[in-house]
Amino acid sequence: MPTLEGKVAIVTGAGRGIGREHALALAEAGARVIVNDLGGALSGEGHDDTPAKQVVAEIEAAGGQAAANAENVADFEGAERLVRQAIDDFGRLDILVNNAGILRDRMIVNMTEQEWDAVIAVHLKGHFGPTRHAAAYWRERSKAGDEVRGRVINTSSPSGVFGNIGQANYGAAMAGIAGFTLIVAQELERYGVTVNCLAPNARTRMTEDTFDMGAPAEGFDPLDPSNMSPLVVALCADEAQGITGQVFHVWGGAINALQGWTAGELFASDGKWNADALLGELLDRFPDGAAPPGMIAGMQAAGGQSLRAQ
Ligand SMILES: NC(=O)c1ccc[n+]([C@@H]2O[C@H](COP(=O)([O-])OP(=O)(O)OC[C@H]3O[C@@H](n4cnc5c(N)ncnc54)[C@H](O)[C@@H]3O)[C@@H](O)[C@H]2O)c1
């Protein structure tokens, strides 16, 4: 395992599921960890500082160092306090894993404004706030002459990068997080910070009711949430300084560096298109129409499988 000795990490939503595994893995690699978790319900309601404290206790029991934080990542000032806590408690910040998340699935025809706003806030703004404050800290360190090796690991989803029915709010936030990764990676390269993103697949409270995917009786369990964390540890190693702006689909042992929104079919005209001519060209090139293949097809092409009950 690469050593992260001396580094300080924040993992948001680390009281349960995938974030908990990231926190445990980063601590095992030697990092001191701020375990953030609001501790609410899957829909985002309520709060409870117990899950974060439990993960801190697990890290400490294994000989590591950690501290709990119960801020809401969607609160811009709370995100600033979260970043400040890493610096106050452990003296520095090297790694930010944006992972906190909620679900409020609904078909678009029935989705409420609250369902839209809550999911966009926790995921999209919940990535912006912590990243914004960490970035300001790293820029300050870089300008002061420190050799910064900052890491931001974001969390998107197959739902966002491939498009899943019933998740217009969640998928839009997740696609936004993939785009956010591409932009912030380019902005922060100058300060020595890499920004990458996971599109994970794991059995957690978020997926256990939706999908039929019990653990196998024996052998490798591709949906164990701990399968998501070796990539986080690897990307946080100093040696991974050149890898940035990537979105990785992870299914068990299959990690796919995705290529989204690359150049596709070009419709070129010497000047402005005439709509009639363009329609003819569209129908010529897409004789069978053109429509998204959907999330399951995307996951399978990326080396994963359908999570749905067959
Ligand atoms: N499980 C999967 O297959 C899967 C697939 C794609 C994406 N994801 C994403 O991975 C991330 C982790 O999901 P999980 O499956 O471990 O779910 P989970 O529900 O087990 O964990 C999410 C954690 O985030 C915390 N949280 C929620 N809102 C918060 C807020 N505003 N501030 C701080 N903490 C907050 C929750 O309390 C919870 O402990 C999420 O962003 C999720 O959308 C998961």
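When a residue number appears, it is its place in the shown sequence, counting from 1. Read the numbers this way: they start at 1 and go in the same order the structure lists the ligands and their atoms. All figures in this text were calculated on a predicted structure; none of them were measured in a lab.
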If you measure from the Lys or Arg side-chain nitrogens to the Asp or Glu carboxylate oxygens, is any gap between Arg203 and Glu208 under 4.0 Å?
no
Distance filter under 4.0 Å to Glu71 heavy atoms, resulting ligand 1 atoms:
32 (N), 33 (C)
Between Glu60 and Lys53 (salt bridge meaning N to carboxylate O under 4.0 Å), is one present in this structure?
no
Nearest non-hydrogen contact with atom 3 (O) of ligand 1 belongs to which option: Pro130, Ala202, Gly46, Ser43?
Ala202
Using a 4.0 Å heavy-atom cut-off, which part of Asn72 comes near ligand 1: side chain, backbone, both, or neither?
both
We want to know whether Asn196 and Gln246 form a side-chain donor-acceptor pair, criterion being a heavy-atom distance below 3.5 angstrom.
no
For a quick test of reading the model, state the closest non-hydrogen atom pair linking Trp138 to Ile95 and the distance between them.
CZ2-N, 4.0 Å
List for me each residue that meets side chain to side chain contact (heavy atoms under 4.5 Å, CB included) alongside Gln54, sequence neighbours excluded, and say none if there are none.
Thr50
Does Asn201 approach ligand 1 within less than 4.0 angstrom via side chain, backbone, both or neither, non-hydrogen atoms only?
backbone
For Gly17, atoms of ligand 1 separated by under 4.0 Å from a heavy atom
16 (O), 20 (O)
Mark yes or no: Arg285 above the aromatic ring of Phe267, with NZ or CZ under 6.0 Å from the six-membered ring centre and no more than 45 degrees from the axis.
yes
I need the contact type for Leu38 against ligand 1. Using non-hydrogen atoms and a strict under-4.0 Å cut-off, is it side chain, backbone, both or neither?
both
With a 4.0 Å cut-off on heavy atoms, does Met174 reach ligand 1?
yes
Can you tell me if Pro51 contacts ligand 1 (heavy atom of the residue under 4.0 Å from the ligand)?
no
Using side-chain hydrogen bond (donor to acceptor under 3.5 Å, both in side chains) as the criterion, point out the one residue from Glu21, Glu28, His22 that pairs with Ser229.
His22
In ligand 1, which numbered atoms sit nearer than 4.0 Å to a non-hydrogen atom of Asn36?
33 (C), 34 (N)
Please find the pair of heavy atoms, one from Gly15 and one from Val35, that lie closest to each other, and give the distance.
N-CG1, 4.5 Å
With the threshold set at under 4.0 angstrom, would you say Gly44 reaches ligand 1 through any of its heavy atoms?
no
Specify side chain, backbone, both or neither for Asn99, according to which of its non-hydrogen atoms lie closer than 4.0 Å to ligand 1.
both
Take every heavy atom of Ala41, measure it against each atom of ligand 1, and state whether any distance is under 4.0 Å.
no
Can you confirm whether the side chains of Gln241 and Arg151 place a donor and an acceptor under 3.5 Å from each other?
yes
Do we see a donor-acceptor contact under 3.5 Å between the side chains of Asp117 and Gln114?
no
For ligand 1, the portion of His123 having any non-hydrogen atom under 4.0 Å away
side chain
Closer than 4.0 Å to some heavy atom of Val122 - which atoms of ligand 1 meet that?
28 (N), 31 (N)
With heavy atoms only and a cut-off of under 4.0 Å, state how Val73 meets ligand 1: side chain, backbone, both or neither.
both
Strictly by modelled atom types, are Asn98 and Thr131 linked by a side-chain donor-acceptor pair under 3.5 Å?
yes
Using a 4.0 Å heavy-atom cut-off, which part of Ala14 comes near ligand 1: side chain, backbone, both, or neither?
neither
Selected option - heavy-atom contact closest to atom 23 (C) of ligand 1, from Ala173, Gly13, Ser159, Ala121
Gly13
Taking the non-hydrogen atoms of Gly126, is any one of them nearer than 4.0 angstrom to ligand 1?
no
With atoms numbered from 1 as shown, which atoms in ligand 1 lie under 4.0 angstrom from a non-hydrogen atom of Gly39?
37 (O)
Tell me, please: is Thr12 in heavy-atom contact with ligand 1, that is, under 4.0 Å?
no
Closest heavy-atom pair, Met111 versus Arg106, reported as atoms and distance to 0.1 Å, is CE-O, 3.2 Å
Using a strict cut-off of 4.0 Å, indicate which atoms of ligand 1 neighbour a heavy atom of Ile102.
27 (C), 28 (N)
Run the numbers for me: atoms of ligand 1, each under 4.0 Å from some heavy atom of Tyr170, listed by number.
6 (C), 7 (C), 8 (N), 9 (C), 42 (C), 43 (O)
Among Ala79, Ala100, Ala118, Ala52, which one puts a heavy atom closest to atom 26 (N) of ligand 1?
Ala100
Need the ligand 1 atom indices (1-based, order shown) with element for anything under 4.0 Å from a heavy-atom of Ser157.
6 (C), 7 (C)
Thr181 and Asn154 side chains, donor-acceptor separation under 3.5 Å
yes
Please identify each residue that fulfils side chain to side chain contact (heavy atoms under 4.5 Å, CB included) with Glu80, with sequence neighbours left out.
His133
